[in-house]
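What follows is a set of notes on a single structure, which appears directly below.
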Amino acid sequence: MDTTSGAKIHHPYWPRDLLIPNYVANDRSMSEILVFLFSICGLFLLVTWLITGSSNRFGIWRRLALCWFAICGFIHCVIEGWFSLYYDVIPGDQSFLSQLWKEYSKGDSRYVISDNFTVCMETVTAWTWGPFSLWILFAFLTNKPYRFVLQLIVSLGQLYGAVLYFYTEHRDGYVHSEYGHPVYFWFYYIFLNFLWIIIPLVLIVDSWRQLSAAQTKTDNSKKSKKN
């Protein structure tokens with residue numbers, strides 16, 4: 001057992017002298033929590049893949065993009081929505097989603113100390129980008145003309161949030177995780193969050209190309225009418 005100034009530390013988080021007086025250890029295992037998370041994400045992916053496959057309008061890459069937004073809708077609205085509502089009781093709560101956050105916090109302990117940045121960021125993400133992600137899915141399925149505008153807005157928001165998420169921790173010196181740990185640092189903290197940099201970047205470029213092509217067509221049409 002780690003000790004600091006003679007006091008026992010009963011939590012697995014970093015830095016090791018972090019004070020979490022109301023912490024209660026999970027009674028569910030890591031594998032149980034991760035299987036649940038990835039099973040639900042897989043279900044959303046499968047259902048969205050099947051729904052988008054019923055139309056000949058979507059290619060493979062567009063269908064994958066819509067699967068991404070369906071999963072984002074679930075993660076943002078449900079998982080991050082839970083955090084935004086119950087962040088102050090999560091360390092001592094044994095609800096499944098609270099235990100999921102306590103497990104994830106082994107890679108970023110800011111989530112068990114009600115860190116101002118994470119609370120604000122996750123609240124904006126949950127109640128803005130979550131519903132908007134589902135709106136994007138609806139917009140593409142119903143062929144709304146504003147679908148790529150929504151995709152651009154949400155992807156920019158996700159990218160901005162992810163950059164701030166990494167940059168604030170970088171400035172703190174990566175003290176909220178066991179630096180270099182293969183699961184907690186590299187998988188939980190780096191890999192899972194880096195997805196919200198790479199994929200939004202790709203979708204921003206996609207939106208740029210689609211909107212630029214539409215504007216070029218409009219401009220050419222106006223020139224033809226003038227001539």
Side-chain angles (χ1 to χ4, degrees), residues 13 20 22 26 28 33-34 36-45 47-48 65-141 146-147 149-169 176-177 187-204 207:
Y13 306 113
I20 313 175
N22 59 332
N26 283 352
R28 295 180 182 273
I33 292 171
L34 293 182
F36 165 80
L37 174 62
F38 290 114
S39 294
I40 298 298
C41 289
L43 180 62
F44 270 84
L45 189 154
V47 171
T48 307
L66 294 179
C67 288
W68 162 255
F69 283 116
I71 293 171
C72 284
F74 162 67
I75 292 176
H76 294 336
C77 290
V78 178
I79 297 178
E80 292 169 306
W82 181 273
F83 176 80
S84 75
L85 293 173
Y86 302 109
Y87 61 86
D88 55 339
V89 300
I90 281 175
D93 185 45
Q94 291 296 75
S95 300
F96 193 92
L97 289 179
S98 291
Q99 292 199 45
L100 186 153
W101 277 111
K102 284 191 283 185
E103 174 63 27
Y104 174 76
S105 295
K106 295 174 183 177
D108 187 349
S109 63
R110 289 180 291 178
Y111 286 89
V112 289
I113 59 173
S114 300
D115 172 76
N116 279 336
F117 170 74
T118 54
V119 171
C120 294
M121 180 198 68
E122 296 294 1
T123 299
V124 171
T125 300
W127 306 116
T128 304
W129 309 138
F132 270 52
S133 294
L134 299 178
W135 190 9
I136 289 170
L137 185 59
F138 168 78
F140 273 93
L141 290 174
Y146 54 76
R147 57 192 183 274
V149 176
L150 284 179
Q151 177 176 292
L152 178 61
I153 292 171
V154 172
S155 297
L156 278 171
Q158 290 176 328
L159 177 62
Y160 182 63
V163 169
L164 286 180
Y165 177 72
F166 279 118
Y167 191 44
T168 52
E169 180 61 7
H176 297 102
S177 180
F187 182 64
Y188 285 6
Y189 176 70
I190 297 295
F191 175 74
L192 291 181
N193 290 288
F194 204 66
L195 293 175
W196 269 270
I197 288 183
I198 296 300
I199 297 177
L201 271 174
V202 172
L203 293 172
I204 287 169
S207 299

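The first residue of the sequence shown is numbered 1, and numbering continues consecutively from there. All values below come from the heavy atoms of this structure, side chains included, with hydrogens, waters and symmetry mates left out.
T48 OG1 to L141 CG: the interatomic distance, rounded to the nearest 0.5 Å, is 8.5 Å. In this structure, OH on Y104 lies 7.5 Å from OH on Y189, to the nearest 0.5 angstrom. Here I20 contributes atom CD1 and Y13 contributes atom OH; the two are 6.5 Å apart, rounded to the nearest 0.5 Å. Remark: L45 CG to C67 SG distance equals 4.0 Å, nearest 0.5 Å. Here the OG-OH distance, from S95 to Y86, works out to 8.5 Å after rounding to the nearest 0.5 Å.
Sparse packing is recorded around CZ of F191, with 12 or fewer heavy atoms of other residues, nucleotides or ligands lying under 6.0 Å away. Within 6.0 Å of the CZ atom in F96, the count of heavy atoms belonging to other residues, nucleotides or ligands exceeds 12. No more than 12 heavy atoms of other residues, nucleotides or ligands lie within 6.0 Å of OH in Y160, so this atom counts as exposed by the packing criterion. The environment of F194 atom CZ is sparse: at most 12 non-hydrogen atoms of other residues, nucleotides or ligands sit within 6.0 angstrom.
Inter-residue side-chain proximity for M121 and L164 is flagged as unmet; no heavy-atom pair is nearer than 4.5 Å. T123 has its side chain out of reach of F83: every pair of non-hydrogen atoms, C-beta onward, lies at least 4.5 Å apart. For the pair W101/E122, a side-chain contact is recorded, criterion being any heavy-atom separation below 4.5 Å from C-beta on. Side-chain atoms of F69 and V154, non-hydrogen and from C-beta on, do get closer than 4.5 Å to each other.
Judged by distance alone, the side chain of T168 and the main-chain N or O of Y165 form a donor-acceptor pair under 3.5 Å. For K102 (side chain) and Q94 (main-chain N/O), no donor-acceptor pair under 3.5 Å exists by modelled atom type. Side chain of Q158 to backbone of W129: no donor-acceptor contact under 3.5 angstrom is found. Looking only at distances, no side-chain donor or acceptor of Q99 sits under 3.5 Å from a matching main-chain atom of I33.
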